[in-house]
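Structure first, then comments.
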There are 2 protein chains.
Amino acid sequence: MAGSTILLVEDEKNLRKLIRTYLEREMINVVEAADGKEALELWEEEKYDLVILDVMLPEYDGWTVCKRIRQNSHIPIIMLTARSEEDDKLFGFDLGVDDYVTKPFSVKELIARVKALLKRSNHQLMIEVIEVGELKVDKKMHQAFLHDEPLDLTPKEYDLLLVFLHNQNQALTREIILDRVWGYDYYGDLRTVDTHVKRLRKKLKHMGKQIVTVRGLGYRFEVTN
Amino acid sequence: MAGSTILLVEDEKNLRKLIRTYLEREMINVVEAADGKEALELWEEEKYDLVILDVMLPEYDGWTVCKRIRQNSHIPIIMLTARSEEDDKLFGFDLGVDDYVTKPFSVKELIARVKALLKRSNHQLMIEVIEVGELKVDKKMHQAFLHDEPLDLTPKEYDLLLVFLHNQNQALTREIILDRVWGYDYYGDLRTVDTHVKRLRKKLKHMGKQIVTVRGLGYRFEVTN
DNA sequence: TATATAATGACACAGGATTGTCACATTTTT
DNA sequence: AAAAATGTGACAATCCTGTGTCATTATATA
């Protein structure tokens, strides 16, 4: 939390400085970028715990930067949107952003959301064993269990399962799944996801039903609390 | 969004008419003023959702009008500026201008910004869970619920429901609905909307009555607060 | 290194769900 | 009553997903 490093991408200097001041008051380190290009350069250079990203940016806009970051990281991203390009339809499909803050916003609110996300992701990383019903995954062991019986999953199946477990109850498009499991630079058939879902479902036995098909979109790992 | 009223202050008649045409295509009402004095008079008379304001105006210039409006309202203001000077913009941000469009501009861009600002003010799109009475939609899950029971909606039905929920109490023409759900480039029978409304109503059970027919126009999702 | 085994990605096909359209019924307006 | 607009059921075309299979690639084993 304190001691985290944030990449702050915002072209308006005064706003950037203001946010920086507030963040530093929370003992959070801030690296600033004034445009999309700079943001991506800084992104490659160092590791960050969270990104605050303005949508309207010179060079590359926020969506582009976001997409690029999402190609190899699940780091929390907060978008500062003044204009919402997404229409009704598109919005639900954009699953990469963790939170939105709409301009004009109170900096206090933004900071609150930053803290919430940092806490959450910190928490996520700590978790070494994920358990859902009879299903258990020990990340350190790199092994899944069903009824405490080791499950014989292939690497892709394991990765796929983890993506589902990390995004419980979230509808994921095939694109997103392909990105997360195969990597951003993978160029292949979307339907391949289907095949792997089929195989994973089979191995998960009755738990396979938790992987719900979201028709016209993709899949969702459903857990009933 | 649709149904909003905009005060358009621009002295050049042709440009004004052009902007008006585009805005009305979006179901936005337009009130025109040709100079600063008229603008302020109209401002006092009625309520608006947004103001488009040319900087160079007869009688009072745009800054004066802007200042005056800001004395009693936080309504979104878009300035049309001829110069794109940095200091001009900074000056404007002090006055509380929400967005700038620099002449010459494409009307489409202006419209996009208008829509963005209107959306921002009722930033419904950002909300991930929409709840109306017994009806609930979780956008991340991509799932609707009625009495907390999952609703089995087809993709089109889901999209249609979202459009209604994002435009509560707004009469929407079939054209608009077709645009939002099927995409602007879709070429098909307007009556198709009717069929899908029928199907959605049925699945929404008693809540189906909330989708009110606006004879001669289209439909409206009605909520009584 | 050669061989066997497993994993992977692509694809085609089947079956079912979804969709758009139309004709006709019903309602509302003139 | 006629005209106009909307509601509705039926149905064929289309879309989408599940699945089996196969060639290729990667990995493990001898």
Side-chain angles (χ1 to χ4, degrees), chain A residues 89 93 142-144 150-164 171-222, chain B residues 142-144 150-164 171-183 185-206 208-222:
Chain A
K89 237 179 134 180
F93 290 88
H142 206 265
Q143 174 69 57
L151 258 178
D152 186 28
L153 299 182
T154 70
K156 283 281 181 289
E157 286 160 3
Y158 180 83
D159 290 347
L160 180 59
L161 177 59
L162 269 193
V163 167
F164 278 130
L172 302 171
T173 62
R174 289 180 175 75
E175 283 90 346
I176 297 266
I177 295 173
L178 216 54
D179 271 10
R180 306 258 172 106
V181 176
W182 279 261
Y184 70 94
D185 51 356
Y186 179 76
Y187 162 77
D189 195 331
L190 280 182
R191 295 300 308 284
T192 294
V193 174
D194 296 39
T195 298
H196 284 267
V197 165
K198 171 194 62 175
R199 290 170 183 156
L200 181 57
R201 274 174 171 159
K202 194 171 182 182
K203 291 198 182 173
L204 294 184
K205 305 278 176 60
H206 64 285
M207 291 284 291
K209 286 195 283 286
Q210 312 275 111
I211 304 176
V212 177
T213 303
V214 184
R215 197 157 235 269
L217 200 148
Y219 297 94
R220 180 180 68 221
F221 191 85
E222 196 161 278
Chain B
H142 206 266
Q143 174 73 59
L151 259 178
D152 187 27
L153 299 182
T154 70
K156 283 281 180 290
E157 287 160 2
Y158 180 84
D159 291 346
L160 179 59
L161 177 58
L162 268 194
V163 168
F164 278 130
L172 302 170
T173 63
R174 290 180 174 74
E175 282 90 348
I176 294 268
I177 295 173
L178 218 52
D179 269 12
R180 305 264 173 96
V181 176
W182 280 261
D185 52 356
Y186 178 77
Y187 162 77
D189 195 333
L190 279 182
R191 296 299 308 285
T192 294
V193 174
D194 296 38
T195 297
H196 282 268
V197 165
K198 172 195 62 175
R199 290 171 182 156
L200 182 56
R201 275 174 170 159
K202 192 171 181 183
K203 291 198 183 174
L204 293 185
K205 306 277 175 61
H206 65 285
K209 287 195 282 287
Q210 312 274 112
I211 304 177
V212 178
T213 303
V214 184
R215 194 154 242 268
L217 202 150
Y219 298 94
R220 181 180 67 225
F221 191 85
E222 197 161 278

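Fair warning: this is a prediction, and the values are worked out from it, not measured in the lab.
- Counting non-hydrogen atoms under 4.0 angstrom, B:Arg191 reaches a base of the nucleic acid.
- Among the atoms of the strands shown, only primed sugar atoms or phosphate atoms (P, OP1, OP2) are found under 4.0 Å from some heavy atom of B:Tyr219.
- Residue A:Leu172 contributes atom CG, which lies 14 Å from atom P of D:dT17 at whole-angstrom precision.
- A 4.5 Å side-chain heavy-atom check between B:Leu190 and B:Glu175 finds at least one atom pair inside the cut-off.
- Residue A:Thr192 places at least one side-chain N or O closer than 4.0 Å to OP1 or OP2 of C:dA10.
- The side chain of B:Trp182 contributes no N or O atom lying less than 4.0 Å from OP1 or OP2 of C:dT19.
- Residues B:Asp152 and B:Glu157 come closest through the heavy atom pair O-OE1, 4.2 Å.
- Atom C1' of nucleotide D:dA4 and atom CZ of B:Arg174 are separated by 12 Å, given to the nearest angstrom.
- Between D:dC11, C:dC11, D:dG7, one nucleotide has an atom nearer to the side chain of B:Arg199 than all others, and that is D:dC11.
- Atoms CG (B:Asp189) and C1' (D:dT14) sit 17 Å apart, rounded to a whole Å.
- In this structure, the CG atom of B:Leu200 is 15 Å from the C1' atom of C:dT18, given to the nearest Å.
- Summarising the geometry, the separation between NE2 on A:His196 and C1' on C:dC11 is reported as 13 Å, rounded to the nearest angstrom.
- Within the nucleic acid shown, B:Thr154 comes within 4.0 Å of sugar-phosphate atoms alone, with no base atom in reach, counting heavy atoms only.
- Counting to the nearest Å, the P atom of C:dT19 and the CD1 atom of B:Ile177 are 16 Å from each other.
- The closest side-chain heavy-atom distance from A:Asp189 to A:Thr195 is not below 4.5 Å.
- Under 4.0 angstrom from either OP1 or OP2 of C:dT19 there lies no side-chain N or O belonging to B:Tyr186.
- Going from atom CD of B:Glu175 over to atom P of D:dA5 covers 13 Å, rounded to whole Å.
- Scanning all heavy atoms of the two residues, the minimum distance from B:Val181 to B:Leu160 falls at CG2-CA, 3.8 Å.
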Practice problem: Report the C-alpha separation of B:Arg174 and B:Asp194 in whole Å, then their side-chain angles, then the decisive distance to 0.1 Å, and conclude whether the salt bridge (charged side-chain N to carboxylate O under 4.0 Å, His left out) test is met. | Solution: CA-CA 8 Å; B:Arg174 290 180 174 74; B:Asp194 296 38; 2.7 Å; yes
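- Residue B:Tyr158 is out of contact with every strand shown, counting any heavy-atom pair closer than 4.0 Å.
- Take the nearest nucleotide of DNA chain C for A:Leu190 and for A:Lys203: the residue whose nucleotide is more 5' is A:Lys203.
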Quiz prompt | Candidate pair A:Tyr219 and A:Val214, rule side-chain contact (heavy atoms from CB on, under 4.5 Å), full reasoning | solution = CA-CA 5 Å; A:Tyr219 297 94; A:Val214 184; 5.7 Å; no
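- For B:Tyr158, the ring-ring contact (aromatic ring centres under 6.0 Å, His included) partners two or more places apart in sequence, or in a different chain, are B:His142.
- Inter-residue side-chain proximity for A:His196 and A:Leu200 is flagged as unmet; no heavy-atom pair is nearer than 4.5 Å.
- Across C:dA10, D:dG18, D:dG7, the shortest atom-to-atom separation from the side chain of A:Thr213 is found for D:dG18.
- Atoms CG (A:Leu160) and C1' (C:dA7) sit 14 Å apart, rounded to a whole Å.
- Between D:dG20, D:dG7, C:dT8, one nucleotide has an atom nearer to the side chain of B:Arg201 than all others, and that is D:dG7.
- Residues A:Asp194 and A:Lys198 each lie close to DNA chain D; by heavy-atom proximity, the contact nearer the 5' end of the strand is made by A:Asp194.
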Give each protein N/O atom lying under 3.5 Å from an N/O atom of nucleotides 27-30 of chain C, with the pair distance.
unit_1 : atom_1 : unit_2   : atom_2 : d
C:dT27 : O2     : B:Arg215 : NH2    : 3.4

